J.: 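This structure is in structure tokens; I'll ask about it shortly.
Chain identifiers are assigned alphabetically (A, B, ...) following the order of the sequence lines, protein sequences preceding nucleic acid strands; residue numbering begins at 1 within each chain. Just so it is clear, the model here is predicted, and its values are computed rather than measured.
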There are 2 protein chains.
Amino acid sequence: MVYSLILSNIAKHIQLTKKEEDLFLSLLEEKKIRKKQFLLHENEISKFTAFVNKGCLRSYSIDRNGFEHILQLAPPNWWIADLHSLISKQPAKLNIDALEDSELLLLYREDHEKLFSDVPKFERFFRILTENAMAATHSRLLDYMGLNAQERYEGFCNRYPSLMRSLPQKQIAAYIGVTPEFSSKMKADLLRKQK
Amino acid sequence: MVYSLILSNIAKHIQLTKKEEDLFLSLLEEKKIRKKQFLLHENEISKFTAFVNKGCLRSYSIDRNGFEHILQLAPPNWWIADLHSLISKQPAKLNIDALEDSELLLLYREDHEKLFSDVPKFERFFRILTENAMAATHSRLLDYMGLNAQERYEGFCNRYPSLMRSLPQKQIAAYIGVTPEFSSKMKADLLRKQK
DNA sequence: GCAATTTCTTAACCTAGATTATTAGTAAAC
DNA sequence: GTTTACTAATAATCTAGGTTAAGAAATTGC
């Protein structure tokens, strides 16, 4: 497993000494999971945050009618967790599984806390990380509130062209909040329009 | 203006010395605004975070059809800002105004940064604050994706009974994402059901 | 205290997107 | 290399919630 990705991810916001870097890396657990395997099941208590080195994960909830709604997609260089379960130590409402064979680095909550007290700079790093994630989630919520399905679909194409290519379109539908049937219709309409 | 509310808000997560407390309070700017006055206009660059001591604010965006969508409601003891504009220094996509006459404490971004370097504990405080806000926003996004209007309406009644009483119902409609007309219909249906 | 504005209610009608069903393509498993 | 299981396309039908309109009630301002 390579650590260059996670170290450059961190170096964007804080500078670590060699010693701090080593401490941090020593806390990480490497994990490989195969497509469709779960990292977290609903009702479990989430014990770690995962950094995606390779592959792609998703977190999603299942509604009363059995439909999946994707809260987060995590391609390489992203962090993913059930934040609510992690901080409240309550059972997760989310599932997290792999959309492709993936390589992860896990940071367990207790080590995470230890890291915060040993290297306070990490408070800063995760404060900034969470602020950015918050701003992104705000913008997604506003899209849900103010845009129609076609606009959300086009927004996704523009923002995540590589996911657009790598993910099955039913996953994209579950992310933008439409049925796969309607997503297929929008795709056909778009193609027709472009010609 | 009283500082007890903001100090207890902070004391929930970090302990400050008297000196740190004084430094923090010295950075705050008191501001009173009247109902309907703006704290931030779309396209301005957001320069501060506001803590609500009294009253109630909202942040919202206006969609292409002129409809308002409320991103956040901030009753007393809550923080509010256009986070995206604040961290990216880009023009705000949100408006922030007062739903009632309100008393605020403003923390300007430059003082905020100063606070982070002078008292690193505040990194921790705002990290935790943002994590909690993130978890709340996740849950709200999942509600948008998986619940129908009636369920979101009932969810709001249960979670925020006091806002339910103090806010005009068109604001509640703009928060849960329905038209005022449909919100009125749901209210009538609920009353009928309860009898 | 009254006029002006804003908010709320009700109801008829409309539409974006869901549902259901069928058929076809694609990839994985044996 | 054929069976099994996902994944996608298309189309007919249905419905939750939006739109429009018009009157009633509540607030606000002077």
J.: Counting C-beta onward and ignoring hydrogens, is there a side-chain heavy-atom pair between A/M164 and A/I172 closer than 4.5 Å?
T.: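 Heavy-atom side-chain distance check passes, below 4.5 Å.
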J.: Between A/R109 and B/E131, which heavy-atom pair has the shortest distance, and what is it?
T.: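 Nearest pair, atom of A/R109 first, then B/E131: NH2-OE1, 3.9 Å.
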J.: Choose from C/dT6, D/dA9, C/dT10 the nucleotide whose nearest atom is closest to any side-chain atom of A/S184.
T.: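 From the listed options, D/dA9 comes nearest.
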J.: Measure the distance from NZ on A/K36 to P on D/dA5 and round it to the nearest whole Å.
T.: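 Those two atoms, NZ and P, are 11 Å apart.
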J.: Please list every donor-acceptor pair under 3.5 Å in which a side-chain atom of residues 75-84 of chain B meets a protein atom from a residue at least two apart or in another chain.
T.:
residue : atom : partner : partner atom : Å
B/N77   : OD1  : B/N9    : ND2          : 3.0
B/W79   : NE1  : B/N9    : OD1          : 3.2
B/D82   : OD1  : B/H84   : N            : 3.1
B/D82   : OD1  : B/S85   : N            : 2.9
B/D82   : OD2  : B/K93   : N            : 3.3
B/D82   : OD2  : B/L94   : N            : 3.3

J.: I'd like to know if the side chain of A/R58 pairs up with that of A/Q72 as donor and acceptor (distance under 3.5 Å, no hydrogens or angles considered).
T.: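 Not at all, the side chains of A/R58 and A/Q72 share no donor-acceptor pair under 3.5 Å.
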J.: Mind grabbing the angle between the end helix axes of the helix from C/dG1-D/dC30 to C/dC30-D/dG1? Five pairs an end, 10° rounding.
T.: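 The angle separating the two end axes equals 60°.
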J.: Just jot down the side chain to side chain donor-acceptor pair (under 3.5 Å) partners of B/R34, sequence neighbours excluded, or say none.
T.: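 Once residues adjacent in sequence are excluded, the partners of B/R34 under the side chain to side chain donor-acceptor pair (under 3.5 Å) criterion are B/D101.
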J.: Suppose we screen for side chain to side chain donor-acceptor pair (under 3.5 Å). Which residues come up paired with B/S4, at least two apart in sequence or across chains?
T.: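 Scan of B/S4 (side chain to side chain donor-acceptor pair (under 3.5 Å), adjacent residues dropped) gives none.
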J.: In whole Å, I'd like the distance from the CD atom of B/E100 to the P atom of C/dT6.
T.: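 Spelled out: CD on B/E100 to P on C/dT6 is 18 Å.
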J.: Over how many whole Å does the gap from A/M145 atom CE to C/dA16 atom P extend?
T.: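 Interatomic distance, CE of A/M145 to P of C/dA16: 21 Å.
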J.: Quick test of your reading: applying ring pair (Phe, Tyr, Trp, His ring centres under 6.0 Å), list the pairs with at least one residue in residues 96-117 of chain B, sequence neighbours left out, ordered by first then second residue.
T.: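 Ring pair (Phe, Tyr, Trp, His ring centres under 6.0 Å) check on residues 96-117 of chain B returns B/F48-B/Y108, B/H112-B/F116, B/H112-B/F126, B/F116-B/F126.
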J.: Which residues pass the side chain to side chain donor-acceptor pair (under 3.5 Å) test with A/N148, not counting sequence neighbours?
T.: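 Partners of A/N148 by the side chain to side chain donor-acceptor pair (under 3.5 Å) criterion come out as none, since no residue qualifies.
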J.: Just to confirm, is there a sub-4.0 Å distance from OP1 or OP2 of C/dT9 to any side-chain nitrogen or oxygen of B/K187?
T.: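 For C/dT9, OP1/OP2 do have a side-chain N/O of B/K187 under 4.0 Å.
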J.: Partners of A/I62 by side chain to side chain contact (heavy atoms under 4.5 Å, CB included), sequence neighbours excluded?
T.: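 With sequence neighbours excluded, A/I62 shows a side chain to side chain contact (heavy atoms under 4.5 Å, CB included) to A/E42, A/Y60, A/E68, A/N95, given in chain and number order.
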J.: A/D101 CG to C/dA28 P: how many Å, rounded?
T.: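 Interatomic distance, CG of A/D101 to P of C/dA28: 10 Å.
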J.: Take the protein atom CD1 of A/I172 and the nucleotide atom P of D/dT7, then report the distance between them rounded to whole Å.
T.: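 Between P of D/dT7 and CD1 of A/I172: 13 Å.
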J.: Tell me, do B/I33 and B/F38 make a side-chain contact under 4.5 Å, heavy atoms counted?
T.: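 The answer is no; the side chains never approach within 4.5 Å.
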J.: Could you state the interatomic distance from NZ (B/K54) to CD (B/E103), rounded to the nearest 0.5 Å?
T.: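 Reported value, rounded in 0.5 Å steps: 4.5 Å.
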J.: Just by protein heavy atoms under 4.0 Å, how would nucleotides 15-30 of chain D read 5' to 3' in B, S and -?
T.: --BSBBB------S--
J.: How many whole angstroms separate atom NZ of A/K185 from atom P of D/dT13?
T.: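 Rounding to the nearest Å, NZ of A/K185 and P of D/dT13 are 16 Å apart.
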J.: Write down the atom of A/I10, the atom of A/F125, and the distance for their closest heavy-atom approach.
T.: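 Heavy atoms only, the tightest pair is CA-CE1, 3.5 Å.
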J.: Each nucleotide N or O in nucleotides 3-5 of chain C that has a protein N or O under 3.5 Å away: list the pair and distance.
T.:
none

J.: Hey, can you pull the residues of residues 155-171 of chain B with a non-hydrogen atom under 4.0 angstrom from DNA chain C?
T.: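 Heavy-atom contacts with DNA chain C come from B/P168, B/Q169, B/K170.
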J.: Going by the salt bridge (charged side-chain N to carboxylate O under 4.0 Å, His left out) test, which pairs reach into residues 5-15 of chain A, not counting sequence neighbours?
T.: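 Residue pairs with at least one partner in residues 5-15 of chain A: there are none.
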J.: Could you work out, with side chain to side chain contact (heavy atoms under 4.5 Å, CB included) as the rule, every residue matching A/D22, not counting sequence neighbours?
T.: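 Residues passing side chain to side chain contact (heavy atoms under 4.5 Å, CB included) with A/D22: A/K18.
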J.: Measure OH/A/Y144 against P/C/dA16 and give the value in whole Å, please.
T.: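 My rounded result for the distance is 19 Å.
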